[in-house]
Amino acid sequence: MRKTGLRVLGDVPWGRHVALFYETTEDLLESCVPFLKAGLESNEMCLWLIAEPLTEKDARAALRRAVPALDRYRADGRVEILQSRTWYFSGDSPDLEKVARGWQAKLDDALGRGLDGLRVAASAPHLEAKDWADFFRYEEQLNGYLSDRAMLLLCIYPLRGVSAADVGRAHPSSVVKRHGKWEAR
């Protein structure tokens with residue numbers, strides 16, 4: 001079992017694929033920072049894929065407040081903060097095969113360096129309406145991929161602007177903040 005850093009989720013096994021819905025940037029940071037901090041404290045490689053409204057500068061500052069040794073972790077290659085669009089796209093189109101190869105390369109690197117696994121907090125990229133169906137099929141395929149891998153994946157979606165039903169079908173569990181309280185399903 002792995003510590004998630006999120007009281008609402010508790011400890012989870014490797015291979016967990018969770019959707020997180022947020023309303024505000026504060027909600028986003030309130031979930032991602034402890035999730036990634038727990039991974040760093042648990043000998044994991046951590047990858048944070050960010051998208052608007054979060055900037056790399058703001059993400060790094062928030063993580064540094066919770067993890068004073070952030071610069072050491074960055075120098076050791078234990079934590080990376082990247083733009084979601086760069087990770088998910090080749091040119092102007094989503095490239096989901098590239099993404100799958102990227103997950104495997106990051107996991108192989110982590111395990112090859114003696115780390116326990118890979119923890120990812122990934123904001124969904126900004127997609128055109130025509131791309132969402134393919135993206136959700138990819139998300140559903142991740143469940144099988146993750147089932148036997150030392151990975152935890154927190155997929156982050158704004159509460160407004162996506163279909164909660166589609167996101168829910170693609171993720172075995174989800175977390176949302178409603179009326180000031182985090183809820184898990």
Side-chain angles (χ1 to χ4, degrees), residues 1-23 27-51 54 59 62-63 66-67 73 78-82 84 87-88 96-97 99-125 132 135-159 162-178 181-185:
M1 298 296 279
R2 309 306 293 184
K3 294 186 183 313
T4 64
L6 302 174
R7 193 172 321 150
V8 68
L9 281 180
D11 297 347
V12 299
W14 282 124
R16 183 58 62 102
H17 185 207
V18 178
L20 180 129
F21 294 96
Y22 70 94
E23 269 187 317
D27 294 343
L28 176 63
L29 293 172
E30 183 181 316
S31 53
C32 290
V33 168
F35 178 76
L36 295 166
K37 178 183 179 192
L40 292 169
E41 292 172 347
S42 299
N43 196 43
E44 299 169 13
M45 177 185 277
C46 293
L47 180 60
W48 193 357
L49 303 177
I50 62 168
L54 198 56
L63 195 53
V67 182
Y73 286 125
R78 292 268 317 276
V79 63
E80 293 181 63
I81 300 172
L82 303 171
S84 178
W87 184 263
Y88 285 102
L96 302 177
E97 274 102 42
V99 173
R101 289 189 307 272
W103 294 141
Q104 191 61 52
K106 291 289 184 191
L107 178 59
D108 290 346
D109 179 47
L111 296 175
R113 292 191 294 136
L115 300 173
D116 291 353
L118 176 64
R119 181 177 296 234
V120 180
S123 290
W132 277 109
F135 190 75
F136 286 128
R137 275 193 294 280
Y138 150 79
E139 285 275 30
E140 289 170 343
Q141 292 170 357
L142 272 176
N143 296 319
Y145 172 81
L146 292 170
S147 67
D148 63 350
R149 288 184 171 70
M151 281 182 69
L152 296 179
L153 183 53
L154 184 66
C155 296
I156 306 159
Y157 295 91
L159 197 52
V162 296
S163 164
D166 288 335
V167 173
R169 272 194 303 277
H171 296 82
S173 55
S174 62
V175 176
V176 64
K177 192 171 191 179
R178 294 178 207 257
K181 294 184 181 182
W182 286 102
E183 300 174 9
R185 86 153 178 90

Do D11 and T4 come within less than 4.5 Å of each other through their side chains, counting heavy atoms only? no
Rounded to the nearest 0.5 Å, what separates atom CG in D116 from atom CE in M151? 14.5 Å
Main-chain N/O of G114 paired with N43 side-chain donor or acceptor, under 3.5 Å: yes
Over 60° means perpendicular and under 30° means parallel, so classify the ring planes of W103 and Y88, tilted if in between. perpendicular
Between the side chain of S84 and the main-chain N/O of L49, is any donor-acceptor distance below 3.5 Å? no
side-chain contact (heavy atoms from CB on, under 4.5 Å) for L82 and I50? Distances and angles first, verdict last. CA-CA 6 Å; L82 303 171; I50 62 168; over 6 Å; no
Show me the donor-acceptor pairs, under 3.5 Å and distance only, between side chains in residues 33-42 and residues at least two apart or in other chains.
residue : atom : partner : partner atom : Å
S42     : OG   : A38     : O            : 2.8

Within the structure provided, determine whether L54 and L28 are in side-chain contact (heavy-atom separation under 4.5 Å). yes
Tell me the closest heavy-atom pair linking A150 and W14, and the distance in Å. C-CE3, 3.2 Å
For L29 and A62, which heavy atoms make the closest approach, and how far apart are they? CD2-CB, 3.8 Å
For a quick test of reading the model, state the closest non-hydrogen atom pair linking A110 to G117 and the distance between them. CB-O, 3.7 Å
Report yes if the side chains of W182 and L9 come closer than 4.5 Å at any heavy-atom pair, otherwise no. no
Only counting residues at least two apart or in another chain, list the ones meeting side-chain hydrogen bond (donor to acceptor under 3.5 Å, both in side chains) with D108. Q104
So L20 and C155, do their side chains get closer than 4.5 Å, heavy atoms only? no
Apply salt bridge (charged side-chain N to carboxylate O under 4.0 Å, His left out) to R78 and list each qualifying residue two or more places apart in sequence or on a separate chain. none
Shortest non-hydrogen pair, C32 vs W48, comes out as CB-CZ2, 3.5 Å
Within the 4.5 Å heavy-atom criterion, are L152 and L118 side-chain neighbours or not? no
What pair of heavy atoms forms the shortest contact from P13 to M1, and how long is it? N-SD, 3.7 Å
Going through the checks in order, is the side-chain contact (heavy atoms from CB on, under 4.5 Å) test met by E44 and R2? CA-CA 10 Å; E44 299 169 13; R2 309 306 293 184; 2.8 Å; yes
